[in-house]
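Everything below concerns the one structure shown next.
Just so it is clear: chains get the letters A, B, ... in the order the sequence lines come, proteins before strands, and each one is counted from 1.
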2 protein chains.
Amino acid sequence: MKEKSVCNCGSCQNQLCARRVPIFSGLDPAELSRMAALITKKRYEKNELIIMEGSIPESLIIIEKGQVKVFRYTHEGKEQILYIFSEGDFFGEKNLLKRHEATYNVEAMEATHICMINKKDFQKLLIEYPEIGIKIIEELGSRMDKLESSIQSMGTKSIESRINGILLDFAAKYGRKHTKGVLVELPLSREGIANYIGTARETVSRKLGVLQDEGVIEMIGNKKILILNMRALEE
Amino acid sequence: MKEKSVCNCGSCQNQLCARRVPIFSGLDPAELSRMAALITKKRYEKNELIIMEGSIPESLIIIEKGQVKVFRYTHEGKEQILYIFSEGDFFGEKNLLKRHEATYNVEAMEATHICMINKKDFQKLLIEYPEIGIKIIEELGSRMDKLESSIQSMGTKSIESRINGILLDFAAKYGRKHTKGVLVELPLSREGIANYIGTARETVSRKLGVLQDEGVIEMIGNKKILILNMRALEE
DNA sequence: CGGGCACTTGATAGTAATCAAGTCCGGTGG
DNA sequence: CCACCGGACTTGATTACTATCAAGTGCCCG
């Protein structure tokens, strides 16, 4: 019988999953393995729906790998994207106690692995390890910051500042340094960007065109953008 | 020496304050009185600034009585109102651990009494009574719901739906039933409403005018609105 | 009664939505 | 390897909405 250097049993794999998640970062190994026992995993393919508006989610969901978009449908039937979550992010924390309907859809943007923790279990966990609650409060706080900024920039009316804002967000999350600037692999199509900032596809095209003419960015194909002048975006 | 039926010592008054606050509603009397010892009270007059953007708040603040608006300044210098808080609401929960700068201003809209709890004390409290953390997570969840709805309606572009939305919010919070419909005492001037939904004063006037012509609402002076057809606002 | 402030109303101009072609690109099949 | 097809993107023309500027009105308060 050969000894493995890395344990591959289900529990230990889950533990790896749990360890990777910021909200559990304060726990010690023993606590992590208790956690791990509560985790169920699941895998979704690209474009698969993870949560549908109106359903009643019974678990807290943590993304282990991959990327999802959270959105609602407007009255006119367009989707309004609220968040893009990736590895380490969680959702479903609303309705922790009350069995509320979800007010949003969650869809995998690529092959995505998730960890689920039953809400009852998670509640017990919160009582036992209040630090987790504090971490969650902090994370929610920073999400609210972003939402508030979005509202501010949507109130400002100028589509330009919203585009600048989203480009900066993408740069921070997906950008890589490059000799001439920051190279950003766009996670969304033009239409997706439009649905994020609440405008029309065509307008996104036009505004990006203007930014390119001004020498602020350079479009490389449809899915990459090279940001040449970061400061211009920040105003 | 006469015995009073109601104790008026500082501690007990604070306890009253604490009891009134939803996030402490799970605590028993003994716990409440421990809480009360940590509370400092303060009073602000109308238009007085409670928190200024860029300052570093050191306390969690709970409103005991009165009403405040939370807002930021846009690049053009207009204020963008994010929340209106009243009795029982709290703020300053961001930056619970990290000493971040406030990203918003808070101003009293009328004479307002607040309770402050030092952040260090509050952290200890969270560790000791994890239920408080859960309550906060829930409250933040419902605030995020509202923010998300705002984003959705701002993405929708139609000023009308934003006005309808804010009227419904006001109706829920400040409305009283009346023979013909719901009478709403507006907490904000036309300009305030405009700053809330991100539009111009004049546009608010015009749209309210249209709603009145359509028989959906009836304006009574400048500070009251009688909603005749609730369903029309909900679409 | 008069002044100031909040609100309303009107006219104009600018911006983005919408409708409508047209272009570019990747993939597929011959 | 090339030609074709479809989807995503760009570009153009028109229309609709709302911000802005500018008077004008009404109301509260001294």
Tell me, which of residues 201-211 of chain B have any heavy atom that sits under 4.0 Å from an atom in DNA chain C? B:Glu202, B:Ser205, B:Arg206
Of residues 186-199 of chain A, the positions that come close to DNA chain C - non-hydrogen atoms, cut-off under 4.0 Å: A:Thr199
Please enumerate all residues that pass salt bridge (Lys or Arg N to Asp or Glu O under 4.0 Å) together with B:Arg162, with sequence neighbours excluded. none
Salt bridge (Lys or Arg N to Asp or Glu O under 4.0 Å) filter on B:Glu202, not counting sequence neighbours, yields none
Of all residues at least two apart in sequence or in a different chain, which pass the side chain to side chain contact (heavy atoms under 4.5 Å, CB included) check with B:Ser158? B:Thr156, B:Glu160, B:Ser161
Whether the side chain of [X] engages the backbone of [Y] through a donor-acceptor N/O pair (distance < 3.5 Å, no angle test) should be reported.
| X | Y | answer |
| --- | --- | --- |
| B:Gln152 | A:Gln80 | no |
| B:Lys119 | B:Pro57 | yes |
| B:Glu93 | A:Ile137 | no |

Return the angle between end axes of the helix from C:dC1-D:dG30 to C:dG30-D:dC1, with five pairs used per end and rounding to 10°. 30°
Review item, side-chain donor-acceptor pairs of residues 102-111 of chain A, under 3.5 Å, at least two apart:
{"from": "A:Thr103", "atom 1": "OG1", "to": "B:Asp145", "atom 2": "OD1", "distance (Å)": "3.4"}
{"from": "A:Asn105", "atom 1": "OD1", "to": "A:Glu53", "atom 2": "N", "distance (Å)": "3.0"}
{"from": "A:Asn105", "atom 1": "ND2", "to": "A:Glu53", "atom 2": "OE1", "distance (Å)": "3.2"}
{"from": "A:Asn105", "atom 1": "ND2", "to": "A:Phe71", "atom 2": "O", "distance (Å)": "3.2"}

Anything under 3.5 Å between a donor and an acceptor, one on a side chain of residues 165-174 of chain A, the other on a protein residue two or more places apart or in another chain? List them.
{"from": "A:Lys173", "atom 1": "NZ", "to": "A:Ile84", "atom 2": "O", "distance (Å)": "2.8"}
{"from": "A:Tyr174", "atom 1": "OH", "to": "A:Gln67", "atom 2": "OE1", "distance (Å)": "2.6"}

Residue pair B:Lys135 / B:Pro22, side-chain heavy-atom distance below 4.5 Å: no
Taking the side chain as every heavy atom from C-beta outward, state whether A:Val184 and A:Ile217 have any atom pair closer than 4.5 Å. no
Show me the donor-acceptor pairs, under 3.5 Å and distance only, between side chains in residues 221-232 of chain B and residues at least two apart or in other chains.
{"from": "B:Asn229", "atom 1": "OD1", "to": "B:Arg231", "atom 2": "N", "distance (Å)": "3.2"}
{"from": "B:Asn229", "atom 1": "OD1", "to": "B:Ala232", "atom 2": "N", "distance (Å)": "3.1"}

Rounded to the nearest Å, what distance is computed from the CD atom of residue A:Glu160 to the P atom of nucleotide C:dG14? 15 Å
Rounded to whole Å, how long is the line connecting atom CZ of A:Arg162 with atom C1' of C:dA16? 10 Å
Which residues satisfy the ring-ring contact (aromatic ring centres under 6.0 Å, His included) test with B:Tyr83, sequence neighbours excluded? B:Phe85
Summary of protein contacts for nucleotides 24-30 of chain D, nucleotide by nucleotide, where a base hit scores B, a sugar-phosphate-only hit scores S (4.0 Å, heavy atoms): -------
Write out all pairs satisfying salt bridge (charged side-chain N to carboxylate O under 4.0 Å, His left out) with one or both partners inside residues 208-219 of chain A, taking only residues at least two apart or from two chains. none
